[in-house]
Protein chains: 2
Amino acid sequence: MTRVTIKDVAARAGVSIKTVSRVMNGEAHVRADVRERVMKVVEETGYRPNMFARGLSSARSFLVGAFFDDPASPYASDIQRGALTRCRERGHHLLIEEVDRDAGDWKSTLDTTLRQVRLVGAILTPPICDWPELIDLFDAHGVPVVRIAPALVPERTPLVRVDDRRASAEMTQLLIAAGHRDIAFIKGPPAHGSSNERWRGFCDAMQAAGLTVADHRVLEGDYRYRSGLAAAETLLDTGTPPSAVLASNDEMAFAVLVVAMRHGITVPDRLSVVGFDDMALARMAWPQLTTVHQPNFEVAAAAVDLLIDAAEPQDAAHHRIEVPYTIVKRASVGPAAV
Amino acid sequence: MTRVTIKDVAARAGVSIKTVSRVMNGEAHVRADVRERVMKVVEETGYRPNMFARGLSSARSFLVGAFFDDPASPYASDIQRGALTRCRERGHHLLIEEVDRDAGDWKSTLDTTLRQVRLVGAILTPPICDWPELIDLFDAHGVPVVRIAPALVPERTPLVRVDDRRASAEMTQLLIAAGHRDIAFIKGPPAHGSSNERWRGFCDAMQAAGLTVADHRVLEGDYRYRSGLAAAETLLDTGTPPSAVLASNDEMAFAVLVVAMRHGITVPDRLSVVGFDDMALARMAWPQLTTVHQPNFEVAAAAVDLLIDAAEPQDAAHHRIEVPYTIVKRASVGPAAV
DNA sequence: TTGTACGCGTTATCAA
DNA sequence: TTGATAACGCGTACAA
C-alpha cells in the first residue's frame, strides 16, 4: 500500500499543497471548482492527512484523551463508548489513560504523557476530576479540560453533568407516592460528586413530604457490591426493616436484593428497592431494578463536542451542559405494606 | 509551560541532538559519562520526545491500537486495562477503536484510521479477529497484528490464547467428580472461537467419562443474559431438569441461577451451575459462581508485548502465546443428588 | 564515538 | 483566491 501524501494529491489536482490543505480543513477562500477538483482526487486516491504530521505542524492533534481512575469499570466503559463514537464522527481519535491514585508518581506519569502528546483536550471523570492538582497539571500544559460531574469548583472548567439531585428527589417521591414512609438510603463514596447530590436529593424529597430521615436508616457505602452487602445486612437483619431502600447505585441496590432474598424478604412485596445508573446489572436482577438511567453515552459525547468546539477560538467561554436523566420503572418497587 | 525540545537538551548538555536521540532511544555507542550528562539534563528539564515528531520521522509511533466489536463490554474493559497498563510500562499509548459490524462502511472507516495513524501494531479481539477481510486490510497497510483467541487460521498471525478447551474439560470433570451424570451445556455464539473450544472441551470430558450428551441437554446461547434466560427456561421448566448446567460464560450461568430461583430449584442442593470468565458478576451471584477465571489482563499485556517486540527486526517470527487459566471454586457446585 | 544535514507530511506566513 | 517556503521535533544517512 503506497502511502499517498498531500503532495501527490496536489500534483494530480494541479494545485499547490496549501490549497489541498485548505480543502481538507474546510477553510474558506477556495473557489468551488477547485475544491471539487481536489475532493475528486482525494476520493480517487483515498488520501488521508497523516495524524503525526498534523500534530507536529499545528497544535491540532485530533487526539482526545479520556482519563480514568479505573478504566475497566462499567462506568468507564460507557463513557469510553460515547467518547469513541463522537470522536470518530468528528474525525478524531480517543486515547485512554489511567490515573492510578495509589501510585505515588501519578503526577510525573501524567506529566510525561502530556509532554509527549499534545491533546486536543482531556475528559476528566469522577473521582479524579476533583483533584485540584490534576487540573493544575493540565492547565500548566495548556490542555483544555472538560470535567464530567465534578463535585468541586464547578466554575473552574467546562463541565457536563446530570442533575443527580433532582433525579434522586424524583425517585424518592416515586417511593413516597407508593405509600412508603420508612425509607432507607445507602450512600456512595464522598469522593464522587454524584454521591453527595444523590444524598441531597433524597433529603430534599423527604423534607418536602414532611418525612424525617432517621439516622439508623442512612448507611455508608462506596458504590461497590460488597459495601452494599454490608449495608443491606445491617438494614435487614433486624426485626424492623424499612419498607423501601434507595441505594446510590445499581451495584449496591443489587446487593440489597441479594440480602433480601437470603433473609426471605420478598421484593417488591415486603420491600421496595431502587438504584441509580441503569447498568446492565439492573436488568439482570430479579426482580429487575427500578432505577435512574444515567445517559453516560450522551454525557461523554457532549464532553467531546465541548472539547473539539473549544478549539475554535470564538467560543472559548466556559460551558456547562446538563444532560437529562430518565427514570426507568421496572419491577422492584411496589406499594408499601399496610 | 515552555516546551523543551531535543535542541534545548542538546544545548544544555553540550552535545548534538543526535547524541540526545541516541540516549533517549537507548542506542549503543555513547560514552557512559556523556550518557549520564544527557540524562541529567533530561531529568532537570523534564524533556520528553514529542510523539508526533517521532511518528513522523520514523515508523515508530508508540501508539498501539486495540480494535473491538463492542468496546463497552466487560470483556473489552478487561482487555483494555491489560493493554493500557502494559503500554504505559513500555512507553506507549493505547488507541481504542470500534469496528461496527452493522455499519456497512466499516472497511472504509478502518481504512481511514489506518491511513491517518501509523500504529505500532493492532490488537484484534473476538469476534472481529476472525474476519479475513479485516486482517487483509491491516496487512495491506503493513500494520502488525496480534489476535486474541481467534477461531480461524491460527497460523496467519501471532496470537494469544487460553486453552479454553482444556479448561472446559477440566470444569466438566469437576462436575463429574461431584457425581453429576446428567449435565446440560449452554453454547455460546459460533462466531467466537472460545465458544467452540468450550463446547469441544465439554464433549471431551463427557466422552472420556463414558457419558453421553443427550441432544435436549444442549442449548444454543449467544453469551448474553437473555439467551441464557431462554435456555435455562427450556432446561428447567420440565419435570426432569438436569443435575448440573455448564454455561459457556458467566452471564448465561447467572441467568440459569435466576431461572432456577424462580422455579424454586435451590442451587447447589438440587442443581449445580458453573460458568466461564470469572466476571464481577460471578461474585455478585447468589450463590457465587464456580467458574473458569479468564486471565484477560495478562492476555492483553502479552499481546502488547508481542506487538512491541515484533518491531525489533530480530524476531519477526510468528508467535503463539498461551496464558494459563484457573478454575475458581465457589458455591454454585454441590454433589449430585442421590 | 560524535555531529551535520536532510527528510518525514502537514500547517502557517506572507507575498503574489 | 492561490502558492512558495519556512517551521514543527525528531530520526537517520553519512561524514568526521
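Here is the naming used below: chain letters follow the sequence lines, and residue numbers restart at 1 for every chain.
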Show me the pairs that pass ring pair (Phe, Tyr, Trp, His ring centres under 6.0 Å) and involve residues 20-49 of chain A, at least two apart or across chains. none
Going by number, which of residues 35-45 of chain A have a non-hydrogen atom under 4.0 Å from DNA chain C? none
Residues in side chain to side chain donor-acceptor pair (under 3.5 Å) with A/D100, at least two apart? none
Summary of protein contacts for nucleotides 9-16 of chain D, nucleotide by nucleotide, where a base hit scores B, a sugar-phosphate-only hit scores S (4.0 Å, heavy atoms): BBBB----
Restricting to ring-ring contact (aromatic ring centres under 6.0 Å, His included), what partner residues turn up for B/F67, sequence neighbours left out? B/F138
Sorted by chain and residue number, the side chain to side chain donor-acceptor pair (under 3.5 Å) partners of A/H92 (sequence neighbours excluded) come out as none
Residues passing the side chain to side chain contact (heavy atoms under 4.5 Å, CB included) test with B/A191, sequence neighbours excluded, are B/P127
Can you name the residues that form a side chain to side chain donor-acceptor pair (under 3.5 Å) with A/E133, not counting sequence neighbours? A/K107
Under the side chain to side chain contact (heavy atoms under 4.5 Å, CB included) test, residues paired with B/S77 that sit two or more places apart: A/A72, A/S77
Rounded distance (Å) that lies between atom C1' of D/dG3 and atom NE2 of A/H29: 15 Å
Can you name the side chain to side chain donor-acceptor pair (under 3.5 Å) partners of A/E322, sequence neighbours left out? A/R161
Lys/Arg N to Asp/Glu carboxylate O, A/E97 vs B/R88, below 4.0 Å: yes
Identified stems (criterion: three or more consecutive Watson-Crick or G-U pairs, under 3.5 Å), DNA chain C: C:1-16 with D:1-16
Report all side-chain donor-acceptor pairs from residues 4-15 of chain B shorter than 3.5 Å, counting only partners two or more places apart or in another chain.
| residue | atom | partner | partner atom | Å |
| --- | --- | --- | --- | --- |
| B/T5 | OG1 | B/K7 | N | 3.2 |
| B/D8 | OD2 | B/T5 | N | 2.8 |
| B/R12 | NH2 | B/E44 | OE1 | 2.8 |

